[in-house]
Each structure stands twice: as C-alpha cells, then as structure tokens.
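Down below is the structure, laid out as structure tokens.
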Number of protein chains: 2
Amino acid sequence: MHKRILIVEDEASIRDMVAFALRKAGMDTAQAADARTAQMSIAEQVPDLILLDWMLPGTSGLDLARRLRKEELSREIPIIMLTARGEEMDRVNGLEAGVDDYVVKPFSTRELIARIKAVLRRSQGDDGSGMVELGRLRIDGPAHRVFAGDEPVPIGPTEYRLLYFFMTHPERVYSRAQLLDHVWGGSVYVEERTVDVHIRRLRKTLEPWKLEDMVQTVRGAGYRFSASP
Amino acid sequence: MHKRILIVEDEASIRDMVAFALRKAGMDTAQAADARTAQMSIAEQVPDLILLDWMLPGTSGLDLARRLRKEELSREIPIIMLTARGEEMDRVNGLEAGVDDYVVKPFSTRELIARIKAVLRRSQGDDGSGMVELGRLRIDGPAHRVFAGDEPVPIGPTEYRLLYFFMTHPERVYSRAQLLDHVWGGSVYVEERTVDVHIRRLRKTLEPWKLEDMVQTVRGAGYRFSASP
DNA sequence: ACAAGCTGTCATAGGCTCGTAACATTGCAC
DNA sequence: GTGCAATGTTACGAGCCTATGACAGCTTGT
C-alpha cells in the first residue's frame, strides 16, 4: 500500500528532486509551494506524512505545523521538517510545535527516505489496522479499547488519547509541551503541569496490571513510554 | 584522522583554489582534470569523498559518477557534484546516478567544506538517528537513554549530558573549562572542581558494567573518554 | 434537576540533583 | 623519601522538579 507524502517547499528544484526520489521509493507524492496550497491539498486528500520546509513565503513552516496540529483533520499527520544549515538551533521550537522529526539540508535522499520510513513506522503501529501492541498492552483503535493481556482496561478519553500516542510513539522522550501539542491538539491552552496529572492518572489506571512502569519520567526532559524498565 | 578528498575538475584555477581551501581545513587532497585521470587516482588510493565537476572534457561528470557506482571499489565513495548555475534541473539525473549532494557554482569554500563534512558525517554511520555507540556503550538521543550492552543505565540529567558529550567527542582530552563550556553551557559560573565530582559520579554509574575505565584522567590536562584502556 | 464521570488547576509533600567544601589519595619533581 | 600540586571521595544543605490528593467547574446520561 503506497504512502502519500505531501511535500511543502517553495524551491521547485528541491521539490522535484525529493518528489522524484520518493516516487522511486514507492511513495505517492503531492506538492505545494506555500502554506495555503498545502492546506488545500490536505483538505482534498489527507496525506500519510508531510515534509515541511522551515522557510516558506508567507506563513512559515513552523506556523503551518502549529496550525495543522490544531485541526482535527491534520492533527495525526506526522510532520518532518526540512531545515537549512544553521537553523538547527531552532530544533527546540519545532519539537515543541509537535514536529516528529528533522532533516537538515543538505540531505541525501537515502537519508530522507530512511527518516520517512522510520516516522511512518513509529506512528502507525505497523499494520495500519489501528491495532497497536507493546509488551502486554494492546490498544484497539477502531474499537477505542485497551487490553492488558486479555482483560479490558477501563480508561477515560484523555488518558486514552495519551496512551494511544505513547503506544504509537514508544521509546522516545516527549516534553510536556510536545505532549500537549500531540495529545491535546494545541488549540487549547492548558498548564504544562496538567500533563503531570494525566500521567499520574494513566499510571493509576495501569496499576492493577502492574504496567505503570511503562510510563517513565525523564527528569528535566519529559516522559517516555517503554516496554523495558 | 585526515580525510582524503579527490577533486575532479578540468579548470586548474578552481581545482587549486578548492584544494588549498580543503588542505587548510585539514583534509588531504588529490586532483584530476578528467575522468580517466580520476579513475587512475582512485585505483591508486581510494579517497573518502569525491568532488566531481558536472562538465568534464570527454566523459561527463555524470557519466563518471554512474561508472563509479558500478565498480565495487568505488561504489561506497560519497560524491558531491559541482554544477554551474542553470544546471540545477539536472539534479534528478544526478540523484539517479547516486550522487550524495550538490554544490552550485559559484560557491564559497566555507559552504563547500560544510557540505563535505555533512556528507562525510552521514557516510560514517551517523545516520542522523541520534544514536551513538562506543564500545559496549550505546546512547539513544531521542529516547534520552543509555544502554550498556542491552541493559538500560540509570543516569541523571547532568551525567547524561556529560556522557553524551564524551560519546560524541571520544578519544580526545578536554580541560575542565572546556567541559564546563560544552556540557554546562558557558553562561553559568561553577567551580572547575565541580567537574571532578561529576566525573566521579559518571564513573560510579558506569561501575556496575565495569565501564568506569572509559572515563580517563589526563593529569594536568583534563579528562578523556575512550573505548580502550 | 440530579448523579456520575472527567478535567484542569493548585497547594503541598516528597525526591532527586547539584554545586561546594572539606578531607583523603595519588603523582611528580627534586 | 619529602612535599607540593592535582585529583579522588564523601557528605550535605539548597533548590528544583515531580508526584499526589483535593476541588470546583463541566458534560453526559438518566
């Protein structure tokens, strides 16, 4: 099943180059030269992943990323930022905006494709059925249910979204701001500390199955979901 | 360890200028004015990277690139193409031929060197995934985690940053002042002896895996991180 | 309208880290 | 071997970060 990648980049030569490489790698591509076109393209057909240039005429890539995170339609789409050399220092900002990964120009298409595949793999639990499994935990997306072993786990809406995000993005640290962007959606303003509370609640719901250790605190950085202690 | 760069360019003045800049940047250079000479040079000593002019008398740079990709000996050598303005549209062809990057003339030597370093870095196992490995130690940047073999190593924030710096800059001595600058970030003032304490703490966290000898004292100079005793 | 379930915020408690100072050791020059 | 300088160790109080429980406002279902 071919993945659809939306390339948002104002420089035509780079856009074409990337599009060519991706098609050769068996992906479908759509292109946009600016934020407006990008949003129209998304409205028309939701891509599986967005490659987003940092510098865009008009609305910057970062702004567009933030905006996409606020829309229900586009919140779940993974985003990879393309940044020029020297813009690396802004990584932090991008990560806070809920960007999934970065590729620094100049990049080889091989590297780019590897990253794309990595992000797609991460954010899809692999089989596209909506089922994700990690350790003894299993989450059934379509059914909106969580299982520990065979037993169903009672869980509230926000905790469910949080857990779902963690299950689809395991083994990686996320700051409170990132979690807010990915799980809450950025359109709402809530205190960062609120994340702590929901982490606590998630741990508590996992306690009966002794799985609370999967939610790990990384002091000074954020939280991580992992199968290994 | 100096990298060897082969410059394939018919215009002698450009060739010399580039060679001069690269040597100043601590790289070794070899030169060739045409495809035939280039292949002989490679046969004699395999370079770490090839700078290849797009336009060459006789066999074009693109053809040479294709040819090099077919040879077992030269298949893995990264290639950077030098193209004149207006030739950008041909990027696609270059990609197809397995070119790693492009630099458009006229270029500054600083840019060229940056590109070379970026490509070399990528070709050396730094795949941009944020994973660093040295001896039995492995550090996973995105996950913010350290492993000794397969076991996770519990580690605090500062020790983590210190270890991360060491892992990315191994086999080299750093004074306490340098470590403060790189790990603590020059804007804070702390006693130099504080470094000693953190070195001690780092060694202690590595002790359970008998890896404490990787952190080595260089009396009168500072500390060094190394895989060999 | 009422009950039950959720959520975001706060205040407080609890732990963990960090930078220093003080003291112990080691290495080196003479 | 002596003595000085550099490094190793340990202990500790302050400060920072997280965990936790309580609470009032909301939403949903009855």
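Worth saying up front: this structure is predicted, and the values here are computed from it rather than measured. By convention in this document, chain letters (A, B, ...) are assigned in the order of the sequence lines, proteins followed by strands, and residues within each chain are numbered from 1.
- Smallest separation of non-hydrogen atoms from B/D48 and B/H2: OD2-O, 4.3 Å.
- Note on the helix from C/dA1-D/dT30 to C/dC30-D/dG1: angle between the axes of the first and last five pairs equals 30°, rounded to 10 degrees.
- Side-chain atoms of A/E171 never come within 3.5 Å of backbone atoms of B/P142 as a donor-acceptor pair (strictly under, hydrogens ignored).
- Within the structure, every side-chain polar atom (N or O) of A/K204 is placed at least 4.0 Å from both OP1 and OP2 of D/dA19.
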Let me see the working for A/R145 and A/Y160 under side-chain hydrogen bond (donor to acceptor under 3.5 Å, both in side chains), right down to the final yes or no.
CA-CA 8 Å; A/R145 294 198 81 180; A/Y160 174 83; over 6 Å; no
Trace of the side-chain contact (heavy atoms from CB on, under 4.5 Å) decision for A/M27 with A/I113
CA-CA 10 Å; A/M27 306 173 185; A/I113 289 169; 4.2 Å; yes
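- Less than 4.0 Å separates DNA chain D from at least one heavy atom of each of the following residues of residues 211-229 of chain A: A/T217, A/R219, A/G220, A/Y223.
- Rounded to a whole Å, the CG atom of B/L202 is 13 Å from the P atom of D/dT9.
- The phosphate of D/dT18 has OP1 or OP2 within less than 4.0 Å of a side-chain N or O from A/R176.
- Looking at A/R15, its side chain never comes within 3.5 Å of a backbone N or O of A/I7 through a donor-acceptor pair.
- When atom types are taken as modelled, the side chain of A/Q216 and the backbone of A/S228 share a donor-acceptor pair closer than 3.5 angstrom.
- Judged by distance alone, with hydrogens and angles left aside, the side-chain atoms of A/T168 form a donor-acceptor pair with the main-chain N or O of A/Y164 at under 3.5 Å.
- Between the side chain of A/H182 and the backbone N or O of A/Q178, no donor-acceptor pair lies under 3.5 Å.
- We find that CZ of A/R193 is positioned 14 Å from P of C/dA11, with the value rounded to whole Å.
- In this structure, B/D196 places its CG atom 9 Å from C1' of D/dA6, rounding to the nearest Å.
- Backbone-only engagement by B/R203 is indicated by non-hydrogen atom pairs under 4.0 Å involving sugar-phosphate atoms exclusively.
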Could you list the protein-to-nucleotides 6-8 of chain C atom pairs, N/O on both sides, closer than 3.5 Å?
residue: C/dT7; atom: OP1; partner: A/T158; partner atom: N; Å: 2.7
residue: C/dT7; atom: OP1; partner: A/T158; partner atom: OG1; Å: 2.6
residue: C/dT7; atom: O5'; partner: A/T158; partner atom: OG1; Å: 3.4
residue: C/dG8; atom: OP1; partner: A/W184; partner atom: NE1; Å: 3.0
residue: C/dG8; atom: OP2; partner: A/H198; partner atom: NE2; Å: 2.4
residue: C/dG8; atom: N7; partner: A/R201; partner atom: NH1; Å: 3.4
residue: C/dG8; atom: O6; partner: A/R201; partner atom: NH2; Å: 2.6

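- Proximity of a side-chain donor or acceptor of A/T217 to a complementary backbone N or O of A/R219 within less than 3.5 Å is not detected.
- Close to D/dT9, at under 4.0 Å from its OP1 or OP2, lies a side-chain N or O of B/R200.
- With A/Y223 as the fixed residue, the side-chain contact (heavy atoms from CB on, under 4.5 Å) test singles out one of A/L162, A/V173, A/D196: A/D196.
- With hydrogens and angles disregarded, no donor-acceptor distance shorter than 3.5 Å links the side chain of A/D53 to the backbone of A/L56.
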